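All remarks here apply to the structure that follows.
Throughout, a chain's letter reflects where its sequence line sits, starting with A, and its residues are numbered from 1. Quick caveat: nothing in here was measured; it's all calculated off a predicted structure.
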Amino acid sequence: MPEGHVIHRLADELTAAFAGHAVRVLSPQGRFAAAAEMLDGSVLTSAEAWGKHLFIGFDERFVHVHLGLIGKLRWVPVGALTSPETLRLLITDGASAIELRGPQTCDLITAEERDALATALGPDPLRPDADEGRGWARVHASGRPIADLLMDQRIAAGVGNIYRCEVLFRAGLHPDVPGNQLSREQWRELWDDLVALMPAGVRDGRIDTVREAESPEVTGRPPRVDRHGGEVYVYRRAGDDCLVCGRGIAVRTLAGRKLYWCESCQPRR
DNA sequence: GCGTGATGTTGAA
DNA sequence: TCAACCTCACGCC
(Lines give C-alpha, C1' and ligand atoms only; values in the text may rest on other atoms or scores of the structure.)
Protein backbone atom coordinates (compact mmCIF):
# COMPACT_ATOMS: atom_id res chain seq x y z
CA MET A 1 0.00 0.00 0.00
CA PRO A 2 2.93 2.35 0.10
CA GLU A 3 4.17 5.24 -1.95
CA GLY A 4 5.97 7.97 -0.07
CA HIS A 5 2.85 9.91 0.85
CA VAL A 6 1.56 6.94 2.88
CA ILE A 7 4.81 6.65 4.81
CA HIS A 8 4.98 10.37 5.54
CA ARG A 9 1.40 10.33 6.72
CA LEU A 10 2.11 7.39 9.01
CA ALA A 11 5.19 9.16 10.38
CA ASP A 12 3.08 12.21 11.20
CA GLU A 13 0.40 10.06 12.82
CA LEU A 14 2.93 8.09 14.87
CA THR A 15 4.53 11.28 16.12
CA ALA A 16 1.17 12.83 16.99
CA ALA A 17 -0.01 9.74 18.85
CA PHE A 18 3.13 8.58 20.62
CA ALA A 19 5.88 11.21 20.78
CA GLY A 20 7.02 11.59 24.38
CA HIS A 21 5.03 8.56 25.52
CA ALA A 22 6.37 5.36 27.04
CA VAL A 23 5.05 2.59 24.80
CA ARG A 24 4.72 -1.14 24.76
CA VAL A 25 6.61 -2.69 21.87
CA LEU A 26 5.74 -6.28 21.06
CA SER A 27 6.45 -8.76 18.30
CA PRO A 28 3.93 -11.60 18.76
CA GLN A 29 5.18 -13.24 15.57
CA GLY A 30 8.67 -13.40 17.07
CA ARG A 31 10.68 -12.18 14.09
CA PHE A 32 11.40 -8.84 15.80
CA ALA A 33 11.11 -10.16 19.35
CA ALA A 34 14.63 -9.49 20.63
CA ALA A 35 14.59 -5.85 19.53
CA ALA A 36 11.01 -5.38 20.69
CA GLU A 37 11.95 -6.61 24.14
CA MET A 38 14.78 -4.07 24.29
CA LEU A 39 12.48 -1.21 23.34
CA ASP A 40 9.44 -2.28 25.35
CA GLY A 41 8.50 0.36 27.90
CA SER A 42 10.81 3.06 26.56
CA VAL A 43 9.81 6.47 25.28
CA LEU A 44 9.04 6.89 21.58
CA THR A 45 10.77 10.11 20.60
CA SER A 46 9.39 10.80 17.13
CA ALA A 47 8.83 9.20 13.74
CA GLU A 48 10.22 10.41 10.44
CA ALA A 49 9.93 9.38 6.79
CA TRP A 50 12.50 9.49 4.00
CA GLY A 51 10.98 8.39 0.73
CA LYS A 52 9.36 5.04 1.48
CA HIS A 53 11.51 4.45 4.55
CA LEU A 54 10.09 5.01 8.03
CA PHE A 55 12.25 5.60 11.08
CA ILE A 56 10.57 5.31 14.48
CA GLY A 57 12.86 6.91 17.02
CA PHE A 58 13.57 5.82 20.58
CA ASP A 59 16.31 8.25 21.57
CA GLU A 60 19.38 7.08 19.66
CA ARG A 61 17.81 3.87 18.41
CA PHE A 62 15.45 3.63 15.47
CA VAL A 63 13.06 1.03 14.18
CA HIS A 64 13.59 1.05 10.42
CA VAL A 65 10.46 -0.01 8.56
CA HIS A 66 10.04 -0.50 4.83
CA LEU A 67 6.65 -1.87 3.87
CA GLY A 68 7.69 -3.22 0.49
CA LEU A 69 4.86 -4.13 -1.82
CA ILE A 70 2.55 -5.82 0.63
CA GLY A 71 3.47 -4.61 4.09
CA LYS A 72 0.82 -2.88 6.17
CA LEU A 73 1.08 -0.52 9.10
CA ARG A 74 -2.31 0.37 10.46
CA TRP A 75 -4.10 1.63 13.52
CA VAL A 76 -6.10 -0.98 15.38
CA PRO A 77 -8.36 -0.91 18.43
CA VAL A 78 -6.40 -1.02 21.68
CA GLY A 79 -6.38 -4.49 23.17
CA ALA A 80 -7.44 -6.33 20.03
CA LEU A 81 -4.92 -9.01 19.12
CA THR A 82 -5.77 -10.77 15.88
CA SER A 83 -3.61 -13.17 13.85
CA PRO A 84 -0.53 -12.94 16.09
CA GLU A 85 1.29 -15.36 13.79
CA THR A 86 1.72 -12.60 11.21
CA LEU A 87 1.96 -9.66 13.61
CA ARG A 88 5.54 -8.44 13.29
CA LEU A 89 5.25 -5.40 15.51
CA LEU A 90 2.69 -3.83 17.81
CA ILE A 91 3.19 -0.41 19.40
CA THR A 92 0.71 0.92 21.93
CA ASP A 93 0.57 3.50 24.70
CA GLY A 94 -2.80 2.29 25.95
CA ALA A 95 -4.67 5.04 24.12
CA SER A 96 -3.69 4.11 20.55
CA ALA A 97 -2.29 0.98 18.95
CA ILE A 98 -0.63 0.40 15.59
CA GLU A 99 0.35 -2.90 14.04
CA LEU A 100 2.83 -3.91 11.37
CA ARG A 101 2.41 -6.94 9.13
CA GLY A 102 4.31 -8.24 6.12
CA PRO A 103 7.01 -5.57 5.93
CA GLN A 104 9.99 -5.98 3.72
CA THR A 105 12.15 -4.50 6.48
CA CYS A 106 11.76 -4.12 10.24
CA ASP A 107 15.15 -3.62 11.89
CA LEU A 108 16.56 -1.88 14.90
CA ILE A 109 19.29 0.51 13.74
CA THR A 110 21.51 3.30 15.03
CA ALA A 111 21.37 6.99 14.15
CA GLU A 112 24.41 6.48 11.91
CA GLU A 113 22.72 3.65 10.04
CA ARG A 114 19.62 5.76 9.60
CA ASP A 115 21.69 8.63 8.21
CA ALA A 116 23.42 6.27 5.79
CA LEU A 117 20.10 4.98 4.51
CA ALA A 118 18.73 8.49 4.09
CA THR A 119 21.87 9.69 2.33
CA ALA A 120 21.67 6.85 -0.19
CA LEU A 121 18.22 8.06 -1.22
CA GLY A 122 17.62 10.81 -3.72
CA PRO A 123 15.67 13.98 -3.02
CA ASP A 124 12.22 13.40 -1.54
CA PRO A 125 9.55 15.71 -3.00
CA LEU A 126 7.84 15.64 0.40
CA ARG A 127 10.83 17.07 2.22
CA PRO A 128 11.37 20.84 2.16
CA ASP A 129 15.16 20.37 2.06
CA ALA A 130 15.00 18.23 -1.10
CA ASP A 131 17.63 19.08 -3.70
CA GLU A 132 15.88 18.52 -7.01
CA GLY A 133 19.17 19.07 -8.86
CA ARG A 134 20.53 15.75 -7.55
CA GLY A 135 17.73 13.96 -9.34
CA TRP A 136 18.23 15.96 -12.50
CA ALA A 137 21.93 15.07 -12.60
CA ARG A 138 21.07 11.36 -12.76
CA VAL A 139 18.21 11.84 -15.21
CA HIS A 140 20.35 13.96 -17.50
CA ALA A 141 23.15 11.38 -17.48
CA SER A 142 20.96 8.36 -18.24
CA GLY A 143 19.70 6.79 -21.44
CA ARG A 144 17.10 4.81 -19.54
CA PRO A 145 13.45 5.69 -20.24
CA ILE A 146 11.97 8.36 -18.02
CA ALA A 147 9.31 5.93 -16.79
CA ASP A 148 12.12 3.74 -15.48
CA LEU A 149 14.05 6.65 -13.97
CA LEU A 150 11.03 7.95 -12.07
CA MET A 151 10.93 4.67 -10.12
CA ASP A 152 14.58 5.05 -9.12
CA GLN A 153 14.65 6.06 -5.45
CA ARG A 154 17.99 7.85 -5.97
CA ILE A 155 16.23 10.23 -8.36
CA ALA A 156 12.99 10.97 -6.55
CA ALA A 157 12.57 9.14 -3.25
CA GLY A 158 9.05 8.08 -2.41
CA VAL A 159 7.72 8.01 -5.96
CA GLY A 160 6.01 4.75 -6.89
CA ASN A 161 4.05 3.32 -9.77
CA ILE A 162 0.98 5.52 -9.40
CA TYR A 163 2.80 8.83 -9.17
CA ARG A 164 5.18 7.94 -12.00
CA CYS A 165 2.37 7.03 -14.41
CA GLU A 166 0.24 10.01 -13.45
CA VAL A 167 2.97 12.61 -13.51
CA LEU A 168 4.04 11.50 -17.00
CA PHE A 169 0.46 11.76 -18.20
CA ARG A 170 0.03 15.21 -16.69
CA ALA A 171 3.24 16.36 -18.37
CA GLY A 172 2.16 14.88 -21.72
CA LEU A 173 5.42 12.96 -21.78
CA HIS A 174 5.84 9.55 -23.38
CA PRO A 175 7.19 6.97 -20.91
CA ASP A 176 9.92 5.86 -23.32
CA VAL A 177 11.66 9.22 -23.66
CA PRO A 178 15.25 8.67 -22.47
CA GLY A 179 16.37 10.75 -19.52
CA ASN A 180 19.18 12.34 -21.49
CA GLN A 181 16.70 13.67 -24.03
CA LEU A 182 14.70 15.53 -21.42
CA SER A 183 15.24 19.25 -21.11
CA ARG A 184 15.98 20.85 -17.77
CA GLU A 185 12.52 22.43 -17.94
CA GLN A 186 10.80 19.12 -18.63
CA TRP A 187 12.41 17.53 -15.58
CA ARG A 188 11.58 20.58 -13.46
CA GLU A 189 7.96 20.29 -14.55
CA LEU A 190 7.82 16.64 -13.47
CA TRP A 191 9.48 17.46 -10.17
CA ASP A 192 7.27 20.45 -9.46
CA ASP A 193 4.22 18.33 -10.18
CA LEU A 194 5.39 15.74 -7.63
CA VAL A 195 5.92 18.56 -5.13
CA ALA A 196 2.34 19.66 -5.76
CA LEU A 197 0.71 16.22 -5.81
CA MET A 198 2.47 14.35 -3.03
CA PRO A 199 1.62 16.70 -0.13
CA ALA A 200 -2.01 16.48 -1.22
CA GLY A 201 -1.60 12.71 -1.02
CA VAL A 202 -0.30 13.00 2.54
CA ARG A 203 -3.14 15.34 3.47
CA ASP A 204 -5.92 13.25 1.90
CA GLY A 205 -4.49 9.78 2.40
CA ARG A 206 -5.06 9.01 -1.28
CA ILE A 207 -3.66 9.87 -4.68
CA ASP A 208 -5.81 12.20 -6.75
CA THR A 209 -4.35 13.54 -9.97
CA VAL A 210 -7.35 14.46 -12.13
CA ARG A 211 -7.49 18.16 -12.90
CA GLU A 212 -10.53 20.37 -12.49
CA ALA A 213 -11.32 20.26 -16.23
CA GLU A 214 -11.68 16.45 -16.18
CA SER A 215 -13.24 16.20 -12.73
CA PRO A 216 -16.64 14.57 -12.20
CA GLU A 217 -18.01 17.95 -11.05
CA VAL A 218 -17.16 19.65 -14.33
CA THR A 219 -17.72 16.81 -16.79
CA GLY A 220 -20.72 15.21 -15.11
CA ARG A 221 -19.20 11.73 -15.42
CA PRO A 222 -19.61 9.48 -12.39
CA PRO A 223 -16.66 9.55 -9.97
CA ARG A 224 -14.39 6.59 -10.44
CA VAL A 225 -12.24 5.62 -7.49
CA ASP A 226 -9.77 2.80 -7.80
CA ARG A 227 -8.88 0.38 -5.02
CA HIS A 228 -5.90 2.57 -4.20
CA GLY A 229 -8.46 5.16 -3.15
CA GLY A 230 -8.10 8.09 -5.54
CA GLU A 231 -9.08 9.43 -8.93
CA VAL A 232 -6.39 9.14 -11.57
CA TYR A 233 -5.92 9.48 -15.33
CA VAL A 234 -4.16 6.27 -16.32
CA TYR A 235 -3.10 4.06 -13.42
CA ARG A 236 -4.92 0.72 -13.60
CA ARG A 237 -7.21 2.10 -16.29
CA ALA A 238 -5.95 -0.13 -19.14
CA GLY A 239 -8.51 -0.23 -21.96
CA ASP A 240 -10.66 2.49 -20.40
CA ASP A 241 -11.23 5.73 -22.26
CA CYS A 242 -8.72 8.48 -21.64
CA LEU A 243 -10.42 11.24 -19.63
CA VAL A 244 -8.93 13.85 -21.97
CA CYS A 245 -9.00 12.39 -25.50
CA GLY A 246 -11.20 9.30 -25.21
CA ARG A 247 -8.65 6.91 -26.63
CA GLY A 248 -8.03 3.62 -24.79
CA ILE A 249 -5.37 3.69 -22.09
CA ALA A 250 -2.36 1.51 -22.94
CA VAL A 251 -0.53 -0.84 -20.59
CA ARG A 252 2.68 -2.81 -20.72
CA THR A 253 5.27 -4.15 -18.31
CA LEU A 254 8.42 -2.12 -17.77
CA ALA A 255 11.11 -3.35 -15.38
CA GLY A 256 8.62 -5.76 -13.84
CA ARG A 257 5.95 -3.14 -13.12
CA LYS A 258 2.83 -2.25 -15.06
CA LEU A 259 3.08 1.00 -16.91
CA TYR A 260 -0.04 2.86 -18.03
CA TRP A 261 -0.18 5.74 -20.48
CA CYS A 262 -2.19 7.37 -23.27
CA GLU A 263 -0.61 7.12 -26.73
CA SER A 264 -2.21 10.30 -28.02
CA CYS A 265 -1.91 12.53 -24.95
CA GLN A 266 1.69 11.43 -24.41
CA PRO A 267 3.33 11.64 -27.86
CA ARG A 268 6.90 10.45 -28.36
CA ARG A 269 7.91 13.84 -29.74
C1' DG B 1 -13.05 -21.75 -1.61
C1' DC B 2 -9.01 -20.86 -4.64
C1' DG B 3 -5.92 -18.11 -7.51
C1' DT B 4 -3.95 -13.86 -8.37
C1' DG B 5 -2.03 -9.50 -8.18
C1' DA B 6 -0.38 -5.41 -5.58
C1' DT B 7 1.19 1.83 -4.22
C1' DG B 8 8.38 -2.60 -3.64
C1' DT B 9 13.18 -4.07 -3.39
C1' DT B 10 16.90 -7.37 -3.59
C1' DG B 11 19.80 -10.61 -5.31
C1' DA B 12 20.80 -14.33 -8.51
C1' DA B 13 21.06 -15.93 -13.40
C1' DT C 1 15.28 -10.50 -16.86
C1' DC C 2 13.44 -13.09 -13.31
C1' DA C 3 12.38 -15.18 -8.90
C1' DA C 4 11.90 -14.57 -4.10
C1' DC C 5 9.97 -12.42 -0.15
C1' DC C 6 5.91 -11.31 2.90
C1' DT C 7 0.37 -10.69 3.44
C1' DC C 8 -4.26 -9.91 2.18
C1' DA C 9 -8.17 -8.32 -0.64
C1' DC C 10 -10.45 -9.07 -4.57
C1' DG C 11 -12.44 -11.65 -8.51
C1' DC C 12 -14.10 -15.72 -10.00
C1' DC C 13 -16.03 -20.26 -9.31
Look at A:Arg227 and C:dC10 and indicate whether a side-chain polar atom (N or O) is within less than 4.0 Å of OP1 or OP2. no

Any residue in residues 158-176 of chain A with a heavy atom nearer than 4.0 angstrom to DNA chain B? Just list them by number, or reply none. A:Gly160, A:Asn161, A:Ile162

Nearest-Å distance, CD (A:Gln104) to C1' (C:dA4)? 11 Å

Pull out every residue in residues 28-36 of chain A that has a heavy atom closer than 4.0 Å to any atom of DNA chain C, ordered by number, or say none. A:Gln29, A:Arg31

Which of A:Glu113, A:Arg114, A:His53 passes side-chain hydrogen bond (donor to acceptor under 3.5 Å, both in side chains) with A:His64? It is A:His53

With A:Arg188 as the cation and A:Trp136 as the aromatic partner, state whether NZ or CZ is under 6.0 Å from the six-membered ring centre and within 45° of the axis. no

From CG of A:Leu100 over to P of C:dC8, roughly how many Å is that when rounded to an integer? 11 Å

Which whole-number value in Å describes the distance from A:Leu69 CG to C:dA9 C1'? 13 Å

Between A:Phe32 and A:Arg88, is there a cation-pi geometry (under 6.0 Å to ring centre, at most 45° from the normal)? no

Within the structure, does a side-chain N or O atom of A:His5 lie under 4.0 Å from either OP1 or OP2 of B:dT7? no

Whole-Å distance separating the CZ atom of A:Arg74 from the P atom of B:dT7: 18 Å

Are A:His8 and A:Asp124 close enough that a side-chain donor and a side-chain acceptor fall under 3.5 Å? yes

What's the CZ-C1' distance between A:Arg101 and C:dC5, to the nearest Å? 18 Å

Looking at every strand, decide which applies to A:Arg236 at a 4.0 Å heavy-atom threshold: base, sugar-phosphate, or nothing. sugar-phosphate

Any A:Tyr260 side-chain heavy atom under 4.5 Å of A:Glu166 side chain: no

In whole Å, what is the span from the NZ atom of A:Lys52 to the C1' atom of B:dG8? 6 Å

Can you tell me how far P of B:dT10 sits from CG of A:Asp107, to the nearest Å? 12 Å

If you only use heavy atoms from C-beta on, which nucleotide in B:dG8, C:dC6, C:dC8 is closest to the side chain of A:Arg257? B:dG8

Spacing of the C1' atoms in B:dG1 and C:dC6 (rounded, Å): 22 Å

Between A:Trp261 and A:Glu263, do the side chains contain a donor N or O and an acceptor N or O under 3.5 Å apart? yes

For the residue pair A:Thr92 and A:Arg24, confirm or rule out a side-chain donor-acceptor distance under 3.5 Å. no

How close do A:Val23 and A:Asp93 get, counting heavy atoms only, and between which atoms? CG1-CB, 4.0 Å

Heavy-atom distance under 4.5 Å between the side chains of A:Pro199 and A:Val202, does that happen here? no

Would you mind telling me which of C:dT7, C:dA9, B:dT7 lies closest to the side-chain atoms of A:Thr86? C:dT7

Interatomic distance at C1', C:dC8 relative to B:dT10, whole Å: 22 Å

